Amino acid sequence: MIEIKNLHAEIEGKEILKGIDLSIGAGEVHAIMGPNGSGKSTLSNVIAGHDAYEVTEGSITLGGEDVLELEPEERAALGIFLAFQYPIEIPGVQMTTFLKTAVNAIRKQRGVEELDALGLLKLMKRKTKELGISDDMMKRAVNVGFSGGEKKRNEVLQMAMLEPKFAVLDETDSGLDIDALKIVADGVNALRAKDRSFLVITHYQRLLDYIKPDVVHILADGKIIKSGGPDLAIELEEKGYTEFIGEAA
Amino acid sequence: MSQPETQKTNIMQFPVKSKYKPDTAAHFEKEQLPSTDLLWLEAARTEALARLKKFGLPTPRLERFKNTNLIPALRDMPSKLTKHDVTIGEGSDEAVLWDLSSKLDEEWVQELLSVKPYGIEQYKDTMLWDVNTAYIEHGGVIDVPANTKIEQPIVVHLTGHDGEFTAPRTLIRVGQGAEVTIIEHITGEGKYWRNRTTQVLVGANAKVKHYRTQLESGDLVHTQNTYASVERDARYETFTLGAGGKMVRNHIFIDLIGTGAHCDTSAINLAGQSDHIDNTYTVNHIAAHCTSNQFVRSVLRDQARSVYQGKIHVYQEAQKTDAYQMSNAMLLSDAAEMNVKPELEIYADDVLCSHGTTSGEIDDEALFYLRARGISEKEARALLIQSFIAEVLDVIKDDNFRDLCDQEVLKWLQA
């Protein structure tokens with residue numbers, strides 16, 4: 001499904017990713033764990049197409065299509081979704097307007113008929129209900145005045161509405177308490193499907209108790225230094241990053 | 001350089017008076033002024049003309065014109081007074097609307113037209129008032145009796161045409177406890193100078209919403225001065241949507257003269273190409289317990305320039321004043337320019353005055369967030385610009401007018 005080969009990327013001339021190889025099959029959930037500064041967020045931003053990062057070598061393909069050539073909005077239409085670590089507040093743009101614009105922008109690019117106001121409202125109602133999102137939240141401006149948990153739930157809502165093929169969750173668990181984490185994880189689990197892959201990026205093993213990964217990768221200094229089953233995350237949590245990376249290196 | 005006599009009287013020429021100072025009032029002649037049998041009006045015009053001859057048109061040497069140079073824009077402008085094109089919108093309550101000429105026998109009208117220009121001693125830059133007064137001839141009066149609520153907004157269309165010099169005078173009197181919404185749509189195309197003066201009297205406890213759209217294009221100069229005095233417990237709210245305009249200067253003067261008076265002055269400026277839009281405010285807190293807000297947002301592209309000058313003057317008696325001003329600009333190109341001058345002059349010792357100003361570009365992270373959701377760059381930019389100005393648009397309490405503003409904003413964004 002998604003193939004990342006020998007990916008090198010830099011920001012402002014500083015190389016952050018130093019050759020990432022990653023292959024995620026359809027329906028699989030992979031987790032990437034790593035210490036601060038290992039390149040986790042760079043990887044997610046590069047996948048989504050943030051123009052502050054420059055890819056100097058390597059490739060990313062989704063279903064055989066070259067992703068790196070595409071603009072962020074084209075990647076979204078192709079089926080890539082990034083759940084932001086720090087969702088952006090956009091004062092003055094109401095949630096419903098935002099979702100309507102996004103859903104129809106993607107449908108238009110995919111050549112599917114755009115939804116009318118009623119169709120969107122129905123879709124929104126169904127998805128918000130599943131995620132326990134209040135109508136009041138939908139009346140507010142995008143992420144403005146949202147709590148940390150609400151912002152992350154909002155990311156999952158957008159994912160549910162846009163139905164991506166490949167979703168990257170960038171530290172979706174950071175700053176969440178257990179209750180909020182459970183709600184978010186339930187939302188993600190509900191979206192697991194045999195034609196949808198996930199890359200779950202996290203600093204803590206805790207998230208992986210709720211979203212069970214098929215494969216766990218350890219990222220350090222811009223490279224994947226070890227890959228394995230779910231047990232790898234537990235081993236890492238016990239030993240701590242410093243010792244674990246020291247051993248692996 | 002000599003000019004044929006006919007041409008000299010019909011377009012503005014600024015012969016050089018000395019090496020450094022062009023005679024910007026050379027062209028204003030007594031013979032050009034409208035004639036009248038009313039002695040008081042004749043006196044007002046003559047006095048204004050005399051001051052004009054003495055001081056000339058405002059130049060950037062004057063503090064409040066530092067960033068807005070009218071002189072090059074006015075050069076070769078038509079100068080023969082034309083009656084301005086004004087129509088009344090559907091649904092407006094015509095019972096409170098009059099032509100200025102039919103009201104000249106009323107004392108309050110005579111008083112407003114005969115007063116000395118506002119702030120002449122302090123600022124010495126009241127030439128635009130004098131231009132208007134010297135040419136008083138055409139105008140309108142809105143007179144709302146006390147304790148009357150005008151349900152439908154009063155809608156007025158002012159249209160500029162190529163080759164015009166107009167000097168409309170609008171007088172608005174809203175009696176004690178009355179309520180009214182006045183909407184002025186100002187449009188025009190071509191080379192013209194509209195030098196407009198509006199005077200507003202807001203009676204005690206009255207509520208006045210004064211909304212404007214200014215959508216003009218061409219080589220125009222639009223100088224518009226609005227003078228409002230707001231009595232005890234009254235509210236005066238102004239909002240201006242300005243999209244385009246080669247040289248637009250809006251100066252709103254507000255005197256809060258009774259305790260508990262309030263004013264809001266909000267504006268949105270959308271400027272592109274070589275547009276120049278200037279919003280200048282002078283808010284005088286004369287009585288105690290008055291509140292005022294100034295809220296301006298500007299979106300500038302190409303080589304457009306915008307000016308915001310916000311003066312709050314708190315008199316010694318005006319204790320418990322609460323005054324606020326904020327100007328935010330979004331610059332969409334490197335060549336666009338925003339000039340901002342907040343100014344506080346405070347003589348009372350128990351007041352709350354705050355001001356802030358920002359100018360920036362479109363937030364790259366917000367842009368990326370929207371694009372990552374499939375929204376095209378163009379659409380995402382438009383959405384972020386709309387969101388930037390939405391907060392000011394939210395002050396509008398009239399749904400139809402709000403819709404119209406939203407449409408005009410969209411039109412500007414798509415242009």
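Throughout, a chain's letter reflects where its sequence line sits, starting with A, and its residues are numbered from 1. Model, not experiment: these values are computed from the prediction.
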Name the option with the most non-hydrogen atom pairs under 4.5 Å to chain B; the candidates are [options].
{"options": "A/Ala102, A/Pro72, A/Gly92", "result": "A/Pro72"}
{"options": "A/Glu74, A/Gln158, A/Gln109, A/Gln94", "result": "A/Gln158"}
{"options": "A/Glu155, A/Met161, A/Glu71", "result": "A/Glu155"}

- prompt: Residue by residue, which of residues 371-385 of chain B have a heavy atom closer than 4.5 Å to a heavy atom belonging to chain A?
  reply: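 Answer by number: B/Arg371, B/Ala372, B/Arg373, B/Gly374, B/Ile375, B/Ser376, B/Glu377, B/Glu379, B/Leu383, B/Leu384.
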message: Test: side-chain hydrogen bond (donor to acceptor under 3.5 Å, both in side chains). Region: residues 8-17 of chain A. Which pairs qualify, not counting sequence neighbours?
response: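 Listed once each, the pairs are A/Asn6-A/His8, A/His8-A/Glu15.
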Does [atom1] in [X] sit with more than 12 non-hydrogen atoms of other residues, nucleotides or ligands closer than 6.0 Å?
{"X": "B/Asp334", "atom1": "CG", "value": "no"}
{"X": "B/Tyr324", "atom1": "OH", "value": "yes"}
{"X": "A/Lys40", "atom1": "NZ", "value": "yes"}
{"X": "A/Glu114", "atom1": "CD", "value": "yes"}
{"X": "B/Lys397", "atom1": "NZ", "value": "yes"}

- prompt: Side chain, backbone, both or neither: which part of A/Val103 has an atom under 4.5 Å from a heavy atom of chain B?
  reply: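 Nothing of A/Val103, per the 4.5 Å heavy-atom cut-off to chain B.
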query: Of the backbone (N, CA, C, O) and the side chain (C-beta and beyond), which part of A/Pro164 lies under 4.5 Å from a heavy atom of chain B, both, or neither?
result: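 When you check distances to chain B, no heavy atom of A/Pro164 falls under 4.5 Å.
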- prompt: Once you round to the nearest 0.5 Å, how far does CZ of A/Phe98 lie from OH of B/Tyr369?
  reply: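 Answer for the CZ-OH pair, A/Phe98 versus B/Tyr369, is 5.0 Å.
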field: Pairwise distance CZ(B/Phe368) to CD(A/Glu73) - rounded to 0.5 angstrom
entry: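 It is 10.5 Å, given to the nearest 0.5 Å.
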- prompt: Of the listed residues (B/Glu391, B/Gln386, B/Glu365), which shares the most heavy-atom pairs with chain A below a 4.5 Å separation?
  reply: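 Ranked by heavy-atom pairs under 4.5 Å with chain A, first place is B/Glu365.
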Result block: side-chain N/O donor-acceptor pairs under 3.5 angstrom for residues 407-415 of chain B, not counting sequence neighbours:
| residue | atom | partner | partner atom | Å |
| --- | --- | --- | --- | --- |
| B/Glu408 | OE2 | B/Lys411 | NZ | 3.3 |

field: Residue pair A/Ile90 / B/Ser387: nearest heavy atoms and the distance that separates them
entry: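 Heavy-atom minimum between the residues: CG2-OG, 4.2 Å.
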- request: Output all residues satisfying side-chain contact (heavy atoms from CB on, under 4.5 Å) with B/Asn339, sequence neighbours left out; order by chain, then residue number.
  value: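 Partners of B/Asn339 by the side-chain contact (heavy atoms from CB on, under 4.5 Å) criterion, ordered by chain and then number, come out as B/Asn67, B/Arg305, B/Val307, B/Glu337.
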